[in-house]
Each structure stands twice: as structure tokens, then as C-alpha cells.
Amino acid sequence: MFAVEIFQTTLAKLTAILIEHKIRYHLTGGLTGAAYVEPRMTQDIDIVIDSVKAKARLEELVASFASSDFLL
């Protein structure tokens with residue numbers, strides 16, 4: 001299993017983009033649970049976003065991801 005810290009850089013970039021576009025979000029999934037309870041074998045991070053705001057800002061949001069090093 002990877003250490004939870006290995007995902008910090010990616011999450012920091014992702015959350016910075018979401019904050020820039022004023023899109024509300026929250027994290028859930030196996031890795032976020034590991035911060036509070038006994039780690040499980042899964043290493044997923046689920047990101048729930050405000051789909052209404054994301055849809056309204058879709059072009060700008062996609063452009064931000066495209067100009068980052070995320071793969072689209």
C-alpha cells in the first residue's frame with residue numbers, strides 16, 4: 001500500500017483548481033477514511049463536487065485541467 005502522503009501533491013493541485021473556480025467539493029473514499037480509522041486495503045479517493053457549478057463553468061474548468069499536468 002502507498003502512504004497516504006503520496007497523494008498530497010495531486011490532491012493539492014486538484015483542490016486548488018476547484019477553489020479557483022469556486023466549486024464546492026468534499027473528499028471521501030478509502031484514503032480519506034484512513035486518516036480517521038484503521039486503513040483498509042483500498043486506496044481510492046472519491047471526490048464529490050458541486051455539479052451545478054461545475055457544469056456552469058465547464059469550459060474554464062476543463063481548460064484549467066488541460067493547462068495542468070493532469071491527463072485528460
Could you go through residues 54-61 and list every donor-acceptor pair under 3.5 Å that involves a side-chain atom there, pairing it with any protein atom two or more places apart or in another chain?
from, atom 1, to, atom 2, distance (Å)
Arg57, NE, His21, O, 3.2

Nearest-0.5 Å distance that lies between atom CG in Leu14 and atom CD1 in Ile47:
4.0 Å

How many angstroms lie between atom NE2 of His26 and atom CG of Asp46, to the nearest 0.5 angstrom?
9.0 Å

For the residue pair Lys13 and Ser68, establish whether any side-chain heavy-atom pair is separated by less than 4.5 Å.
no

Starting at CG of Leu11, measure out to OH of Tyr25 and round the result to the nearest 0.5 Å.
9.0 Å

If hydrophobic clusters are built from ILVMFWY residues whose side chains come within less than 4.5 Å, do Val48 and Ile19 share one?
no

